[in-house]
Each structure stands twice: as structure tokens, then as C-alpha cells.
A.B. asks: 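Next up is a structure, given as C-alpha cells.
These values consider heavy atoms only, across backbone and side chains, with no hydrogens, waters or symmetry-generated copies.
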Amino acid sequence: MAALVLLSIAGMGGWYWEHRHVAHLEAHVAELQQNEMRSMIDKSVSDQLGVIASQQRDLAEEQRAEAQNEKLRADEAFLQSEAERRKAEEAERQARTEKEKADSERLKADEARRSAEASEQRAKDERNKADTLRYQTLGRSLGSASRQALAAHQDDMALLLAYYSYHYTTQNGGTVYLPEVFQSLLNASNSRHSWLRHRGQIRGIDFMPVGDDRLLTACDFGSILIHQKKNGQLKTDTLFSNSNFDFRYLFADRKGTIYAASRSGHLLVNRGGDPKRNRIIPVLQKDHPMALWVLDERRVIVVGEHALAEVDLSLSDDKAVADQVELGFSVTAQSHDGEHLLLFDDRHREHLVMGLHDIRTADVKVPGRVTAFGSTKKTRAYGMADGSIYVLTEGSSEYKQLLGHESRISKLKINEQQLFTASYDGKVNFWYVNNGKIEPMEMLSQNCWILDFTTSNDRQCMWIADRNGYVTEALLDAAQMKDIIEVELKRKQIDLTQEDWEYYIGKDTPYQPLIVKKGKEDSQ
């Protein structure tokens, strides 16, 4: 039983282990089957993946082939575009070359045109210049002919020729301040007028300030007169008269105060030209006053032959001489340089008076004895005892000698480019210092000394004083002279005839009368 039990136990144990072995084998078979299934699946997947990979390789190959074709097409398009670009660049280069060639040809044509125009303009300018010079020369020639006609008492012809002289000179840019032109206008216009007003020599002449057109004159016979021109007449009143006085210098300041120095040793001061307001101050009674210089409203320097005195007008007459100084030389002439009194002596020196005790002496820079002097910022001029004049203009380092007088220069005055000179030879000359050749234009010539002159406040007229007591007015404005002549010609209705024209102006210039359009023959 035990054996049976053992046998049973052994049988049961064998069955158990066999059963487990079988189960293990079955599990192993199942696992193998499962692995085989998985392998089959993997193989199937692998086969499918292979197919896909093959398809992808085919697709990639197709894409590569397509890309290769695209590249070939792109390369072909690029080569074609490069060819087109080079072709375009070549066309552009050719076009640029053609344009540059055309521009060059155009520039050459423009240059040739400009050169031709410049040559034409130069030729035109030369013709115009030649014509201008010819007509300016004609203007001077007509002026000379006018003076000759006047000397021959051909008054109408003198008027006509002076008028045409002005016309051809001004219309062609010339200056009328040339002796031939200006002198013909002055003479033909008959624009000088004289009045006898003093018994003695007129030693001073001056105008009242701007706005007051009254003229003052003083003579060595002790009279000071005040004049006013109206309607061609010179109305005269007496400001002061005393034969014990010998007036040598006259001046009116900008406020209408009148100063006169008398050789008798007196200074006359008058406010506004009222005869009741004359003030007589004794000064330098032993040194013969000959001139004066106004410092300001209160102070006046009186110039004697050998001394200077400063007069203070704020003091009483007997105390008015505030200071006095002996000069140590003889004064031969006086003027001013800028704001200061300038004196000249008989030893060829000039003395600039900065103050009575500050006198600066220098040698005169020109030869001879100075008798008159004038200056502006641009011009200096000396008048000499022998009648010569020395002028220094802006930009020049040397004085130029002017000859136009035969005797002592008594007065000299400069207005910008205009120089006026008077002399004991009886002449008053007008010089235009801006001309290359400075020549005198005779304003007046008479047989007596010219002692002083002045110009009107508007500078249109010159007023001249002489030793015979005459006051003379002479017009300075050439345009006004021309207007006077034109009025007279129109009043007479005369002009140059064709024959006159051809003789004086020339056959080459078309006949164009200016006054009577058909000429004087047709107007008669």
C-alpha cells in the first residue's frame, strides 16, 4: 500500500512534471507560433516598406531627373538671359556711344554757334564802340564848331551846333564836361548874368544855409550886402555899411550866422541876416585880420597876417578875445583841411592848426608859393602864385600840374569831381578831375581880378565876385543849358538843313533833325 501510495505519488509526480513539460512545450510552441506570426508580419511590413522605399527611390529618381531637367532648363534660360543681357548691354553701349557722339557733335555745334555769336557780338561791339567813339568825337567837333560860329556872330548856328553837340555826346555815353562841349553850351545858352552892386572890391561871397537862397557879399569899402534873385532880377539890401571897415573874408554857417573879418581889426557877427543884429568885436587891431575859421557856435579863430586870436562869442565885446598867439611867420593864404584851419607862409610851409597852441608844420609838397588850397576825402589841390594848379586824386601818388591861368590863383574849391579856380588873370575855370586829360572849361573871362566865388546850395550855379564890384551868376548844369537852347530854337523854329547836316554831321548819318522834324528849310 505504501508502495502503491509511493507508486501513486510517483505516478502523480511524473504526471505533474509531464503535464508541466507539456504545458511548457505548448507555451513554447505558442511562443514560436507567435514569433513566426510576428516574423511574417515583420516580413510583410518589411516587404511593404521595401515596396514603399522602392517607390520612394523611383519617386526620388524621378524628382532628381525632373530637378536635373529643371536645372538644365534654368541653365538654358540663364544662358539665354545672359545672352540677352549682353546683347542689351551691347545695345546700351552702342546707344551710349551714339549718344556721346551726338552730345559731342552737339557740343561742338554749340561751341561753334557760341563762337560765331561771340565773334558776331565782338564785331557788333567793335562797331558800336567805333560808332560811339565816332559820335562822341562828333559831339566835341560840333561843340568846337558852335564856338567858332558864335565868334563869327552866327548866333543861330551856334545854338544849333551846341544843341547837337550835347545830343550826340549824351546819347553815346560821353561826358559833357569837356571844354568843347561844355563851353559851347555855356556860351550859346547865354546863361551868365552880371550885376554891379559894390563901390569897392568884393572880397567875400557866400550863400546863406540850405533853405535860405539869399546871397551875401562883402567888399573892402566896408559894405556887406544881402541879395535875392527873383524873376531874373537880383534884389539887394544893405546888411552893414561903414567905410572905416575893410572886409577881407565872409562866411555864413549852417544856422545862418554871418561872420566877416575886417582888416581894420574887427569881427562882424550877424544872426540871420537882420541888419539890426550886427555885432562888432575888436580883434587883432594891429595885425590886420584877413580870414577866420568857425570852431563852433561860440568860438571863432580870427587869422591875422602874423597872429591868431580865438574869440569867445559868449563874452562881452571887450572881453571876447579869449586867447591870442603870435605865429612867427607871415600868412600868405589860408584854407582848411578837414575840420582844421590850414595856413601857408612865405617860406614854402603849411601849418595845420589843431589849436592855438598846437600848430603842426610841414613842407608844402608842390613847388612854388601857395595862394589857395582845397581838399576833400578824395582830392587835394594847391593853387599857386604863378597861376599853376597841382591836383592829387584818389589812387594817385603824384600831384598833376594843371595849366589854365596866367596869374595868381585867388580861390579854389572842390565839389566831388568838379574843381573850380579863380585867378587875378580875370578867369574862372571849371575842371572835371575825373577826366583822363584834365582841361579847363572857362566859366568867365574879364579884364579884372576875380577875388572870390561860391556855388549855390543846389550846386546848379556859380556866383562870382570881382574887384570892380560886380556879382556874376553862371549856370553850371549842362542839362539846364541845353533846355535854354532848346526853348530858344523851338521859339525860332529853326533846325539844321540837309546841307547843314551833311556839312557838320556827315552824309553817312541819316538826316534826322531834332527840333523841326523836316528841317528849317521846310518850316519857312
A.B. asks: Let me know which of D237, D213, T236 forms a side chain to side chain donor-acceptor pair (under 3.5 Å) with Q228.
C.D. replies: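 Single side chain to side chain donor-acceptor pair (under 3.5 Å) partner of Q228 among D237, D213, T236: D213.
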A.B. asks: Is a side-chain donor-acceptor pair under 3.5 Å present for D206 with Y249?
C.D. replies: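 Their side chains do not contain a donor-acceptor pair, so the 3.5 Å distance test is not met.
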A.B. asks: Using the side-chain contact (heavy atoms from CB on, under 4.5 Å) rule, pick out the option among S264, S262, P289 that qualifies with F247.
C.D. replies: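 Of S264, S262, P289, side-chain contact (heavy atoms from CB on, under 4.5 Å) with F247 is met by S262 alone.
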A.B. asks: Could you tell me whether E488 and K492 have a side-chain N and a carboxylate O separated by less than 4.0 Å?
C.D. replies: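 Here E488 pairs with K492 in a salt bridge, since their nearest N and O are under 4.0 Å apart.
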A.B. asks: For G200, does its backbone N or O pair with a side-chain atom of D220 as donor and acceptor, under 3.5 Å?
C.D. replies: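 Checking the backbone N and O of G200 against the side chain of D220, no donor-acceptor pair under 3.5 Å is found.
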A.B. asks: Please tell me if the side chains of D500 and Y164 come closer than 4.5 Å, counting only heavy atoms from C-beta onward.
C.D. replies: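 D500 does not reach Y164 side chain to side chain.
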A.B. asks: To the nearest 0.5 angstrom, please state how far the CG atom of L402 sits from the CG atom of N429.
C.D. replies: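 Rounded to the nearest 0.5 Å, the CG-CG separation comes to 10.0 Å.
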A.B. asks: Taking 4.0 angstrom as the limit, do R254 and E297 come out as a salt bridge?
C.D. replies: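 No, no charged N to carboxylate O under 4.0 Å.
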A.B. asks: For R214, is there an ion pair with D212 - N to carboxylate O distance below 4.0 angstrom?
C.D. replies: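 Salt bridge between D212 and R214, a charged N being under 4.0 Å from a carboxylate O: yes.
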A.B. asks: Under 6.0 Å between the ring centres of Y399 and Y382?
C.D. replies: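 So the answer is yes for these two rings.
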A.B. asks: Can you find a heavy atom in the side chain of V300 that is under 4.5 Å from one in the side chain of F251?
C.D. replies: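 Result no, sub-4.5 Å side-chain heavy-atom pair not found.
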A.B. asks: If you measure from CZ on R347 to OG1 on T332, what distance do you get to the nearest 0.5 Å?
C.D. replies: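 Rounded to the nearest 0.5 Å, the CZ-OG1 separation comes out at 11.0 Å.
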A.B. asks: Are S165 and V181 side-chain neighbours, meaning at least one heavy-atom pair lies under 4.5 Å?
C.D. replies: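 The answer is yes, as the side chains (C-beta and beyond) meet within the 4.5 Å cut-off.
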A.B. asks: With a 3.5 Å distance limit and no angle check, can you tell me whether S423 reaches the backbone of R408 through a side-chain donor-acceptor pair?
C.D. replies: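 Pair found, side chain donor or acceptor close to backbone of R408.
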A.B. asks: Starting at CD1 of I202, measure out to OH of Y470 and round the result to the nearest 0.5 Å.
C.D. replies: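 So the gap between those two atoms works out to 10.5 Å.
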A.B. asks: Kindly state whether the ring of F240 and the ring of F245 have centres lying under 6.0 angstrom apart.
C.D. replies: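 Close enough - the centres of the two rings lie under 6.0 Å apart.
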A.B. asks: Between S410 and T371, is the side-chain contact (heavy atoms from CB on, under 4.5 Å) condition met? List the steps.
C.D. replies: CA-CA 6 Å; S410 56; T371 56; over 6 Å; no
A.B. asks: Are any of the side-chain nitrogens in R380 or D337 under 4.0 Å away from the carboxylate oxygens of its partner?
C.D. replies: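 Yes, this pair counts.
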A.B. asks: Determine whether V471 and E473 make a side-chain contact, defined as any pair of heavy atoms from C-beta on separated by less than 4.5 Å.
C.D. replies: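 No; the side chains remain at least 4.5 Å from each other.
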A.B. asks: Rounded to the nearest 0.5 Å, how far apart are CZ of R197 and CG of L234?
C.D. replies: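 It is 5.0 Å, given to the nearest 0.5 Å.
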A.B. asks: Between NE2 of H167 and NZ of K482, what distance do you get to the nearest 0.5 Å?
C.D. replies: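 These two atoms lie 10.5 Å from each other.
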A.B. asks: Going by distance alone, is a donor N or O of one side chain under 3.5 Å from an acceptor N or O of the other, for S194 and T472?
C.D. replies: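 A donor-acceptor contact under 3.5 Å links the two side chains.
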A.B. asks: Look at the rings of F420 and F430 and say which category their plane angle falls in: under 30° parallel, 30 to 60° tilted, over 60° perpendicular.
C.D. replies: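 Ring orientation of F420 relative to F430: parallel.
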A.B. asks: Is there a side-chain contact between M441 and Y177 in this structure, where contact means two heavy atoms from C-beta onward sitting under 4.5 Å apart?
C.D. replies: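 Result yes, sub-4.5 Å side-chain heavy-atom pair found.
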A.B. asks: Using the ring of each side chain (for Trp, its six-membered ring), is W463 parallel, tilted or perpendicular to W195, with breaks at 30° and 60°?
C.D. replies: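 If you compare the ring of W463 with that of W195, the planes turn out parallel.
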A.B. asks: Is the closest basic N to carboxylate O distance between D312 and R298 below 4.0 Å?
C.D. replies: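 Looking at D312 and R298, the cut-off is met.
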A.B. asks: Do you know which two heavy atoms are closest between V391 and A381, and how far apart they sit?
C.D. replies: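 Answer, listing the atom of V391 first, then A381: CG2-CB, 4.1 Å.
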A.B. asks: R122 vs D125, test: salt bridge (charged side-chain N to carboxylate O under 4.0 Å, His left out). Steps then yes/no.
C.D. replies: CA-CA 5 Å; R122 283 195 298 271; D125 290 343; over 6 Å; no
A.B. asks: Is a side-chain donor-acceptor pair under 3.5 Å present for N244 with N242?
C.D. replies: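 Judged by distance alone, the side chains do pair up.
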A.B. asks: Could you tell me if the side chain of I450 sits less than 4.5 Å from the side chain of M443, heavy atoms only?
C.D. replies: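 SC-SC contact between M443 and I450 ruled out.
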A.B. asks: Would you call Y424 and L451 a side-chain contact if the rule is heavy atoms closer than 4.5 Å?
C.D. replies: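 Yes, their side chains come closer than 4.5 Å.
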A.B. asks: Say whether S388 and H405, considering side chains only, have a donor N or O and an acceptor N or O under 3.5 Å apart.
C.D. replies: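 On atom types as modelled, these side chains do not qualify, holding no pair under 3.5 Å.
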A.B. asks: Are M354 and R360 packed together at the side-chain level, in the sense that at least one heavy-atom pair is separated by less than 4.5 angstrom?
C.D. replies: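 Answer yes - side chains close enough.
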